[in-house]
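Proteins get letters first, then strands, A, B, ... in listed order; numbering begins at 1 in each.
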There are 2 protein chains.
Amino acid sequence: MRKTSIKDIALKANVSIATVSYVLNGTRNVRPETHKRVTEAIEELNYKPNDIAKSLKRNRTNTIGVIAEDVTVFNAPDIIDGINDFGDRHDLHILLVNLRLDKRIGRNFGDTEAYRKYAANAVSELLSKQVDGIIYIGVHTRDLTGLIDAEGIPIVYTYGYTQNDISIQYNDEQASYEAMSYLVRKGHSRIAIISGLMDSIPSRQRLKGYYKAVTDFELPFDPLLIKMGDWERESGYRLTAELLALPEPPTAILSMNDVMVVGVLQAADECGVSIPGELSVIGFDDREFSDYLRPRITTMGLPLHEMGYQAIEALYHLINGNKVQTLVMPECRLIERDSVGVAQ
Amino acid sequence: MRKTSIKDIALKANVSIATVSYVLNGTRNVRPETHKRVTEAIEELNYKPNDIAKSLKRNRTNTIGVIAEDVTVFNAPDIIDGINDFGDRHDLHILLVNLRLDKRIGRNFGDTEAYRKYAANAVSELLSKQVDGIIYIGVHTRDLTGLIDAEGIPIVYTYGYTQNDISIQYNDEQASYEAMSYLVRKGHSRIAIISGLMDSIPSRQRLKGYYKAVTDFELPFDPLLIKMGDWERESGYRLTAELLALPEPPTAILSMNDVMVVGVLQAADECGVSIPGELSVIGFDDREFSDYLRPRITTMGLPLHEMGYQAIEALYHLINGNKVQTLVMPECRLIERDSVGVAQ
DNA sequence: ATTAGCCGTTTAAACGTTTAGATTTTGAAG
DNA sequence: CTTCAAAATCTAAACGTTTAAACGGCTAAT
């Protein structure tokens, strides 16, 4: 049996389908008496509107496409949660496309052919589905100019940006500067930094923040304190060992993510230096496990939920034809735990 | 300017719209010469099909609704990833509804009014969007009978089940039994267990597996070794302290999740008992951090990706009118790391 | 030369809505 | 009892597809 449609309601309530539509949407006045007849019919026939038909006519789906480079990467779920938060309040639905790049290409995928193909496919699917706009969730911040042709529908980027579109990013430079300030306030001056991969934009920005802090706070500058990691635990381990072997080792380390801090902890332990007693460390990301390690690690938390929220909010305005600022920057926040002590 | 439609193609290629549809779908033979004219027109006009219109006519959206109780809970992303894996291969799209229960109600939400309301809303949205089927991703395994009325479209559950529908669950009893066997093989016989909340089904199942192992392997049975935790770290800590204070403490602990293992580690450390030297521990879940703790913890990994994959596969068959087995059980897998030693 | 059958193509209706614009109803004013 | 404007309702087209059924032309068999 066919599902009940507006037509069945019209028949039962003895009105035209137009009238039914009017009571459904409140787009025109209808006499209370008629209104009642219609709502009763709706009730009795257990009518459920068909958004597909509505979308076809209205040329608007109230659905946005979310392209995630990989939903299993730690930042994605909270961003999606933020998108949902706003979406719920504004009747916006989410069509999720998961590129699965981490599995299909590997963690540090570059701008490969395969990657472009996946992205293009995703967009074309979403376009066919007539989404009103697109949010792109990357795993690393990168310049994605030219990657996606959204054919006129608005798009906003998160972990990624483009020369012409909106993007939501936290301020890496400032976050790293703030982490440094915190260490300085705790009395540290010989502070090392372990970066992520240097072709990554956050790495460069955070390094900039480091330099700025060194300058502003007049810290002793020593190139030996600047170590290039690769985001992985092992590099945190290896580089910390090197740092601790220095004639004059640092009293604090700023690591560009929490995963590398795991390596820092291990190296320190093996070298017999205590954290936070003899060595302090700050991470980035506020991963769940940073509260589980011992010592519990102090870290810069990322405004992931807010990024998602702001992304869809911007998109919403774009969809409704309003102007929106090109770059939105929610703030990172230092989560104080136990891995930073005062320098002697 | 309106987007180009099948009608424009027809005009340009000098054929009827039906013919265009036929070449688009390959549903009927068309002369090569005509075919060429049409595809050329498609190319030139940069035609993109409108799936909304197609869905309306076909009464099929090729879209499934995924209701997640909370996407930020650790099990959700991998399940979604599995859903995507199959979805990509079979041209199934995903409309994601995130109930955000963890934020809105709290971690151990029961069967509250608010919860039922969110669920009902989600289903009704999805129904309006005319999804072909629904996958429900819970955070705990529970009986959800009567919660959702999917009005005739198929639904399959993951972390949750119903008396009438399909559900995908791993075998908790067997997983716990296997963990026990492993410990026994390592020479342990005095084995304690720290459960999750006892109103949770996995807790009860796993306890069953524990009992079975105790019986099968003829281990000394001691009620003092059975501790009721609440999934949280603190309970792991507290209960381990109690266990270690026993006149005859266990040589191994089976913890029903990795988070409580964090507490186990801490308690052991504070009591000066070494892991895995004097005490062994196995967790559940294979959380990312279980590889970051020291010792790296041995744990039962959950087949999350596979659950998602099987869920959508079952749904796919259901949508196409095929029968499908009611309960699918992908297997858990022991991840051997460093927290289990041989008993002396 | 007629006819049957097949192939390729077209016609037209349908899917469930929205929404201009036309039409009818209502009720107040004359 | 008319008249008229305002309010309520209806008619019908449209959104972009799919698809059953009809159609026309061709080939091959009679």
Side-chain angles (χ1 to χ4, degrees), chain A residues 1-39 41-42 45-63 91 124-125 127-132 151, chain B residues 1-39 41-42 45-63 91 124-125 127-132 151:
Chain A
M1 203 194 63
R2 239 186 58 271
K3 278 193 222 153
T4 108
S5 81
I6 219 183
K7 210 177 290 181
D8 305 306
I9 309 290
L11 207 63
K12 174 134 197 165
N14 198 31
V15 295
S16 74
I17 59 167
T19 303
V20 178
S21 178
Y22 295 140
V23 346
L24 245 19
N25 299 297
T27 30
R28 274 194 202 185
N29 278 346
V30 339
R31 223 155 15 118
E33 132 78 3
T34 315
H35 193 283
K36 179 150 170 286
R37 252 184 13 252
V38 171
T39 48
I42 288 176
L45 299 183
N46 187 28
Y47 166 75
K48 291 275 160 47
N50 182 329
D51 280 357
I52 294 292
K54 187 181 202 157
S55 295
L56 177 60
K57 192 66 184 71
R58 285 239 182 108
N59 197 26
R60 167 118 179 211
T61 53
N62 271 19
T63 300
D91 188 34
S124 138
E125 279 175 28
L127 254 18
S128 282
K129 287 281 186 188
Q130 311 294 116
V131 296
D132 297 334
E151 316 235 351
Chain B
M1 201 195 62
R2 237 186 60 268
K3 277 192 223 153
T4 108
S5 80
I6 219 183
K7 211 177 289 180
D8 305 307
I9 309 290
L11 207 62
K12 175 134 197 163
N14 198 32
V15 295
S16 73
I17 59 167
T19 303
V20 178
S21 178
Y22 295 139
V23 348
L24 246 18
N25 299 298
T27 30
R28 273 195 206 187
N29 278 347
V30 337
R31 225 162 4 125
E33 133 77 5
T34 315
H35 192 284
K36 181 150 171 285
R37 259 189 3 257
V38 171
T39 47
I42 288 176
L45 300 183
N46 186 26
Y47 167 76
K48 291 275 162 46
N50 182 329
D51 281 356
I52 294 293
K54 187 180 201 159
S55 296
L56 178 59
K57 191 66 185 71
R58 284 239 182 107
N59 196 26
R60 167 115 178 213
T61 53
N62 270 20
T63 300
D91 188 34
S124 136
E125 279 176 26
L127 254 18
S128 282
K129 288 282 185 187
Q130 311 294 118
V131 296
D132 297 333
E151 316 234 351

At under 4.0 Å, does any side-chain N or O of B:Y47 touch on OP1 or OP2 of D:dT17? yes
Base, sugar-phosphate, or nothing for B:S5, non-hydrogen atoms under 4.0 angstrom? sugar-phosphate
Distance from B:I6 atom CD1 to B:K54 atom NZ, nearest 0.5 Å? 9.5 Å
Which part of the nucleic acid, if any, lies within reach of A:D51 when heavy atoms closer than 4.0 Å are counted: base, sugar-phosphate only, or nothing? nothing
Selection from D:dT18, C:dT18, D:dA8 that lies nearest to any side-chain heavy atom of A:K54: C:dT18
From CD1 of B:I9 across to P of D:dG16 the rounded distance in Å is 12 Å
With a 4.0 Å cutoff (strictly under), does any side-chain N or O of A:S21 reach OP1 or OP2 of C:dT18? yes
Within the distance-only criterion (no hydrogens, no angle test), does the side chain of A:T61 pair as donor or acceptor with the backbone N or O of A:Q130 below 3.5 angstrom? yes
Is any side-chain nitrogen or oxygen of A:N50 closer than 4.0 Å to OP1 or OP2 of C:dC15? no
Rounding to a whole Å, what distance do you find between B:N25:CG and D:dG16:P? 17 Å
Toward the 5' end of DNA chain C, by each residue's nearest nucleotide, B:T19 or A:A53: B:T19
Roughly how far, to the nearest 0.5 Å, is the CG atom of B:L127 from the OG atom of B:S124? 7.0 Å
Between the side chain of B:T39 and the main-chain N/O of B:H35, is any donor-acceptor distance below 3.5 Å? yes
Under 3.5 Å between N/O atoms: give me all the protein pairs with nucleotides 4-7 of chain D, atom names plus distance.
none

By the 4.0 Å heavy-atom rule, please label B:T34 as base, sugar-phosphate, or nothing. sugar-phosphate
Contact class for A:N59 (heavy atom, under 4.0 Å): base, sugar-phosphate, or nothing? nothing
Minimum heavy-atom separation for A:E151 and B:N46, please, with both atom names. OE1-ND2, 3.6 Å
What is the separation between atom CZ on A:R58 and atom C1' on C:dG16, rounded to the nearest whole Å? 13 Å
In whole Å, what is the span from the CZ atom of B:R60 to the C1' atom of D:dT17? 16 Å
Kindly say if A:S16 contacts the phosphate of D:dT11, meaning a side-chain N or O under 4.0 Å from OP1 or OP2. no
Considering all heavy atoms, the nearest B:I9-B:Y47 contact: CD1-CB, 3.6 Å
Rounded to the nearest angstrom, tell me the gap between atom OH in A:Y22 and atom C1' in C:dT19. 5 Å
Do A:I52 and B:K129 touch side chain to side chain, with heavy atoms closer than 4.5 Å? no
Touch check for B:I17, heavy atoms < 4.0 angstrom, all strands: base, sugar-phosphate only, or nothing? base
Verdict with supporting geometry, B:T63 and B:D132, side-chain contact (heavy atoms from CB on, under 4.5 Å): CA-CA 6 Å; B:T63 300; B:D132 297 333; 5.6 Å; no
Which nucleotide in the list D:dT17, C:dA22, C:dA12 gets nearest to the side chain of A:R28? C:dA22
Once you round it to whole Å, what is the distance between C1' of C:dT25 and CZ of A:R31? 8 Å
Check every atom of C:dT11, C:dA13, D:dC10 against the side chain of A:A18 and return the nucleotide holding the closest atom. D:dC10
I need the NZ-P distance between B:K129 and C:dC15, as an integer number of Å. 21 Å
Can you tell me the distance, in whole Å, between the CG atom of B:L56 and the P atom of C:dG16? 7 Å
With heavy atoms under 4.0 Å as the rule, sort B:I52 into base, sugar-phosphate or nothing. nothing
